[in-house]
Amino acid sequence: MIRGREAVARGLARARAPRPIAAGERIHVIGAAGAGASAAALLAHAAGGAPDGCDPGSPTPYTAPLEKRGIKVAREHDAIHVRAAPPARLAVTKALTSVHPDHPELVAAREAGVPVEAWQQTVADAAATQGGRLVAVAGTHGKSTSAGWLVHMLVGAGRDPGAFVGALMPAALTGGVPATARWGAGDAFVVEADEYAGNFDPYRPALAVVLNAEWDHPDVFADRSAVVAVFEAWLRAPGAGERQVVINTGDSGGAELAGRLGDWGTRVITVAPVEAAGSGVGYRLSGSLLWLSGLPGPDDRVAAPLRLPGAHNAANGACVAAAAAVLGLRGPEIADGLTSFEGVGRRFEIKGEPGGVLIIDDYGHHPTAIRATLEAVRSRYPGRPVWVAHEPLTFHRAAAMLDELAQALAEADHAVIADIWAGRDPDTSVATAAGLAERVSRISGRAVAAPGSPEETADFLRERVQPGDIVLAMGGGRSYVIADRLAWLLGSAGGQ
């Protein structure tokens, strides 16, 4: 089942050192309605370039900020986008190159001598244009929440960072409509850095944060050791002088990574629960209160209540606080940023409580993330029945992690499986939603349905949920439709 990064990124130029975007440089962004590609277009525009894009999936929640800034996004792919007036370069998602490397626009670009690059390269170039210190937030889980949290903390401290976050940041952070990008004039630029198939290679951070390192992306990684090795290779790549890294060593993969970087000495700042912290940053969660000790800088102790629930968010918050301390924030600024952060889009996002049914939208799609989010729901809302409506993210992940997914989903009071989101899958025959539902049912002893599309899943839930229930819509792709549609159905006159 492993294809490798070369197959996924077929036809793409290799990652290069970032360079500033030239004034008026035309960059055509294929897949511009996605979370990351839309950020590339927004940041290229803010950096003085002239981006445009295309995406037959538009409009999406990510296209509103593009429209607001006058960035044109065609609703179809067409080689004419390249041939009519060749751009300086093409930025594209690997979700396209992995399944359609001979896509007509890509072919037209190669014929015209137009460089074809991953959209992450455009984000890295925009950061180089701003010139701030690059801070990359990486890890198998929690990247969007933690990157957004650090941006929130820096904004609150008056540091005016630039940023790319793979989830919608609120308008208060972006200065306009919610978006996945922020332009600033400060001395830091925060990026969410994804390990999949070399996605984070264009980023040459001065400071990196590694939240965890667990086996995921089974189409490119054979096991956890392969994931850890990729993190190490990325961190050791040249480009940022004496690079520093904050690592959560409370996570076993993070601990392994820290051990492999033992020759870095004090450039590695470890974060772990107090009882295992040693000389690093220690944290302890008491109720909602996060206690921190050993932070770098003059204010080494901080205590702050968190609005985000769960032990996983305590670990994320501790890593964010450590990074903020490295960047020079003082204790009161860190405490305020920890307390006031309410999250980013689709990460434990509460959509409302129509008809007495609490609806939460969450991007969690890995078994570990599903379990952690379920634990957080139950800690905040004890005693309430929890439905998990899960849209598996990619066929290859569903097939490789079938048992682990089923075990995690079986921990809910009720589970419903929506159609699998293919994403970058060339083979959609290796798993089915019905097969996963049957496995969950066998483990839990309860009937588990696979109603179909996200829309059909929301319709199914509407007829079965009761006041007092919680519905946790989880997954990538279009799982947000389950939450949005169910909220609308239950909030309408017919849903009351």
Side-chain angles (χ1 to χ4, degrees), residues 139-146 148-149 152 167 211-212 214 248 250-252 271-277 282-292 302-321 335 337-353 356-390 404-405 407-416 440 443-444 446 465-475 479 482-483:
T140 308
H141 318 289
K143 294 184 292 292
S144 295
T145 294
S146 301
W149 207 339
H152 169 85
L211 303 165
N212 38 64
E214 190 172 357
N248 173 19
D251 170 77
S252 56
V271 177
V274 167
E275 59 272 16
Y283 71 88
R284 176 169 59 87
L285 186 64
S286 177
S288 65
L289 190 64
L290 179 65
W291 297 83
L292 296 164
V302 167
L306 303 183
R307 299 190 185 189
L308 300 188
H312 63 299
N313 278 317
N316 292 341
C319 289
V320 168
L338 288 171
T339 298
S340 57
F341 183 62
E342 296 182 342
V344 293
R346 301 205 59 213
R347 273 63 176 180
F348 210 91
E349 181 180 4
I350 302 208
K351 307 298 286 190
E353 198 165 357
V357 177
L358 181 65
I359 301 172
I360 303 172
D361 185 18
D362 193 87
Y363 188 74
H365 53 272
H366 186 282
T368 299
I370 292 170
R371 281 196 170 95
T373 307
L374 263 173
E375 179 186 346
V377 169
R378 287 190 165 125
S379 70
R380 175 164 284 189
Y381 306 103
R384 296 182 65 169
V386 181
W387 292 74
V388 172
H390 177 61
E404 294 92 337
L405 280 169
Q407 292 283 352
L409 292 166
E411 295 179 13
D413 298 294
H414 311 279
V416 180
V440 178
I443 294 169
S444 67
R446 297 182 292 271
V465 293
Q466 301 293 323
D469 286 353
I470 297 173
V471 174
L472 180 57
M474 302 193 79
S479 60
I482 301 172

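Keep in mind that this is a model prediction, so the values were computed, not measured.
- Without hydrogens or angle criteria, Thr339 side chain to Ala304 main chain gives no donor-acceptor distance under 3.5 Å.
- Using modelled atom types, no side-chain atom of Arg384 and backbone atom of Ile470 make a donor-acceptor pair closer than 3.5 Å.
- Using a 4.5 Å heavy-atom cutoff, the side chains of Leu338 and Leu292 are in contact.
- Contacts of Glu404 classified as salt bridge (Lys or Arg N to Asp or Glu O under 4.0 Å), with partners at least two apart in sequence or in another chain: none.
- Between the side chains of Thr140 and His366, no donor-acceptor pair of N or O atoms lies under 3.5 Å.
- The pair Glu214-Arg371 does not meet the salt-bridge criterion, since no charged nitrogen lies less than 4.0 angstrom from a carboxylate oxygen.
- Taking both residues in full, the closest heavy atoms of Ala376 and Gly310 are given as CB-CA, 4.0 Å, listed atom of the first, atom of the second, then distance.
- Here the side chain of Asp251 pairs no donor or acceptor atom with the backbone of Asn212 at under 3.5 angstrom.
- Under the 4.5 Å side-chain criterion, counting only non-hydrogen atoms from C-beta, Tyr283 is in contact with Pro273.
- Arg347 is linked by a salt bridge (Lys or Arg N to Asp or Glu O under 4.0 Å) to nothing, counting only residues two or more places apart in sequence or in another chain.
- Judged by distance alone, with hydrogens and angles left aside, the side-chain atoms of Arg346 form a donor-acceptor pair with the main-chain N or O of Gly475 at under 3.5 Å.
- At a threshold of 4.0 Å, the pair Asp413-Arg378 counts as salt-bridged, since one of the basic side-chain nitrogens sits closer than that to a carboxylate oxygen.
- In this model, a donor atom of one side chain and an acceptor atom of the other lie less than 3.5 Å apart for Trp387 and Asp469.
- Residue Glu411 is tested with Val388, Val386, Leu374 for a side chain to side chain contact (heavy atoms under 4.5 Å, CB included); the sole match is Leu374.
- In this structure, the side-chain contact (heavy atoms from CB on, under 4.5 Å) partners of Arg284, at least two apart in sequence or on a different chain, are Val274, Ser286, Trp291.
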